[in-house]
Protein chains: 2
Amino acid sequence: MKANNDHTTRLIKYKRILIQLKSLGLERVFSTNLGDAIGINPTLVRKDFSRMNLTQGNRKGGYNINELIDSLNSILGTSELQDVVVIGCGNLGKALIKHEAFYKEGINISAGFDSNPREAELNGIPIYPMEVLMNYVTQHEIRVAVLCVPAGAASHTRDLLADAGIQGILNFTPVELKSSETLRIQNVNICLEIENLFFQISGKSSRVPV
Amino acid sequence: MKANNDHTTRLIKYKRILIQLKSLGLERVFSTNLGDAIGINPTLVRKDFSRMNLTQGNRKGGYNINELIDSLNSILGTSELQDVVVIGCGNLGKALIKHEAFYKEGINISAGFDSNPREAELNGIPIYPMEVLMNYVTQHEIRVAVLCVPAGAASHTRDLLADAGIQGILNFTPVELKSSETLRIQNVNICLEIENLFFQISGKSSRVPV
DNA sequence: TAGATTGTTAATCGATTAACAATC
DNA sequence: TAGATTGTTAATCGATTAACAATC
């Protein structure tokens, strides 16, 4: 599970680096280059490629960047726009809706939902009341939601989303939600990350024996 | 590194669960309870406690919650407010500054910085131009920054923060920054997490052999 | 050809878990 | 005491890395 996740994350990173290298005019790349770029051992790069069955490297000239990008696209899914909805349009939800950088990276926020919408749209993206969520999600075949509701509403909203047929949630609430068979959850706990940072830099972390 | 990170994350989670259990009136807790709560094996809970040298469980009655919280506090650092600054006051930066939930969890946003501030304060939190960053950070002994600048400014701002003596960065830009000896970086790449979710639910992830 | 890089097997490393004696 | 739970050692598991034959 965790491993698979790490593995996937690396594949996505390879793809991004490759697109950048391509835009710089490069045509071929070595496992060492990719390893350097994402901070891992080149052997692991080759192992990753081998694991995804694209044994297409040339034992002299490395990998063809275009072919590699194609392979990664076919494995990771298209590089076209992927629709998500934002649930909870408070400060954070609104910021994500207005955040233009997502679009550039292939993510399209198709609508926002709020139990009590203060505006009808933001940057041209419609904001609907929660009541129409189920309908909207079904009609537009939305599979992924970004959860930005207050902590108190997290668990209840998770269930709503599950009922509506959502399959993946990026969870920004401080309530840690657990993945199930049909609903995959990625928790982003900002406070926990900050607390973690404070601990790491406190020097106390080295006291914990390895 | 990764391991240590996971270990720390678990310690923080224990602490939070324990505080909640305490607020419910509980006084003692078993390793099984904590394991259930954060979704891990109870042996790992005991191992974690053992690793941090608080062998204080009672072989019949489990652990005393108060003692456990005290121990965790002394290891993780105080539970008092911890000051951070937000760098980059665009949509996301502003949202974090206005996000009141941080305060409840012991995190105090002490100021915001922007290369071109549009307002002097938000929710009573002052917004300063980048020029005064170094001075402010030194004077207020700020050690952790939350980075919300545009992708193009990420790397440059990282260097600025390092020069100013910042020791930890929570990085919300899509540019993956690397930790150094003196500057620890926690990357939160929203687009990557979403892309990961889409892959996980696509069913293709199971094609990748384990 | 000689040199370089891949793909893959075997070795290592570290984290998690099982098992169980200690003991409350 | 008998039963239950801890603390810790040994076993397992999986991910990463080293080594190296294959080959361009």
Side-chain angles (χ1 to χ4, degrees), chain A residues 1-14 17-18 21 26-68 71-72 75 178 196 205-206 208-210, chain B residues 1-14 17-18 21 26-68 71-72 75 178 196 205-206 208-210:
Chain A
M1 179 83 68
K2 183 59 168 298
N4 210 336
N5 203 331
D6 283 355
H7 177 64
T8 309
T9 301
R10 287 200 302 270
L11 296 186
I12 298 172
K13 288 183 183 173
Y14 295 141
I17 300 279
L18 288 166
L21 292 177
L26 297 207
E27 294 187 356
R28 304 198 69 78
V29 67
F30 301 128
S31 59
T32 312
N33 301 140
L34 289 170
D36 288 346
I38 75 173
I40 61 173
N41 191 299
T43 303
L44 187 50
V45 176
R46 300 201 294 276
K47 186 95 174 186
D48 281 342
F49 290 171
S50 157
R51 235 188 295 188
M52 63 190 212
N53 297 324
L54 54 77
T55 311
Q56 66 186 183
N58 181 309
R59 285 173 201 254
K60 172 70 182 296
Y63 301 86
N64 177 300
I65 290 183
N66 278 326
E67 285 177 20
L68 217 42
S71 301
L72 283 164
I75 285 166
K178 280 165 194 156
N196 204 330
S205 64
S206 50
V208 178
V210 187
Chain B
M1 179 84 67
K2 183 61 170 297
N4 209 339
N5 203 331
D6 283 355
H7 178 63
T8 309
T9 301
R10 286 200 302 271
L11 295 186
I12 297 171
K13 288 182 183 174
Y14 294 141
I17 300 279
L18 288 165
L21 293 176
L26 298 208
E27 294 187 357
R28 304 198 69 79
V29 69
F30 300 128
S31 58
T32 312
N33 301 140
L34 289 170
D36 289 345
I38 74 174
I40 60 172
N41 191 299
T43 303
L44 186 49
V45 176
R46 300 202 294 278
K47 186 94 174 186
D48 281 340
F49 290 171
S50 156
R51 235 189 294 188
M52 64 191 213
N53 297 324
L54 55 76
T55 310
Q56 67 187 185
N58 180 309
R59 286 176 199 251
K60 172 70 182 295
Y63 301 87
N64 178 301
I65 290 184
N66 277 325
E67 286 177 20
L68 218 41
S71 300
L72 283 164
I75 285 166
K178 281 166 193 155
N196 205 330
S205 65
S206 50
V208 179
V210 186

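Residue numbers start from 1 in every chain, and the chains themselves are labelled A, B, ... in the order their sequence lines are given, proteins ahead of strands.
- Under the side chain to side chain contact (heavy atoms under 4.5 Å, CB included) criterion, A:Glu27 pairs with no residue, sequence neighbours left out.
- Going from atom CZ of B:Arg28 over to atom P of D:dA4 covers 17 Å, rounded to whole Å.
- Following rounding to the nearest Å, B:Phe30 (CZ) and D:dG7 (C1') show an atom-to-atom distance of 16 Å.
- The nucleotide whose nearest atom lies closest to any side-chain atom of B:Ser50 is, among D:dT8, C:dT16, C:dT5, D:dT8.
- By the side-chain hydrogen bond (donor to acceptor under 3.5 Å, both in side chains) test, A:Asp36 pairs with no residue at all, sequence neighbours left out.
- Between B:Asp6 atom CG and D:dA15 atom C1' the separation is 13 Å, expressed in whole Å.
- Smallest separation of non-hydrogen atoms from B:Leu18 and B:Ile65: O-CG2, 3.7 Å.
- Applying the side-chain hydrogen bond (donor to acceptor under 3.5 Å, both in side chains) criterion to A:Tyr14, with sequence neighbours excluded, gives A:Asp48.
- In terms of the side-chain hydrogen bond (donor to acceptor under 3.5 Å, both in side chains) criterion, A:Arg28 has no residue partners (sequence neighbours excluded).
- Every stem involving DNA chain C, taken as at least 3 paired positions in a row under the Watson-Crick or G-U wobble test at 3.5 Å, is listed here: C:3-24 with D:3-24.
- Rounded to an integer number of Å, the gap from B:Met52 CE to D:dT8 P is 13 Å.
- Counting to the nearest Å, the P atom of C:dT5 and the CG atom of A:Asn64 are 17 Å from each other.
- B:Thr32 comes within 4.0 angstrom of nothing in the nucleic acid, heavy atoms only.
- No side-chain heavy atom of B:Asn41 sits less than 4.5 Å from a side-chain heavy atom of B:Lys47.
- Per the geometry, CG belonging to B:Asn33 stands 15 Å off P belonging to D:dA4, to the nearest Å.
- Under the side-chain hydrogen bond (donor to acceptor under 3.5 Å, both in side chains) criterion, B:Thr32 pairs with no residue at all, not counting sequence neighbours.
- Listed by chain and number, the residues in a salt bridge (charged side-chain N to carboxylate O under 4.0 Å, His left out) with A:Lys13 are B:Glu176 (sequence neighbours excluded).
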Heavy atoms under 4.0 Å is the rule here; annotate nucleotides 17-24 of chain D 5' to 3' with B where the base is hit, S where only the sugar-phosphate is, and - elsewhere. BBB--BBB
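- For B:Asn66, the side chain to side chain contact (heavy atoms under 4.5 Å, CB included) test picks out B:Lys22, B:Asn64, with sequence neighbours left out.
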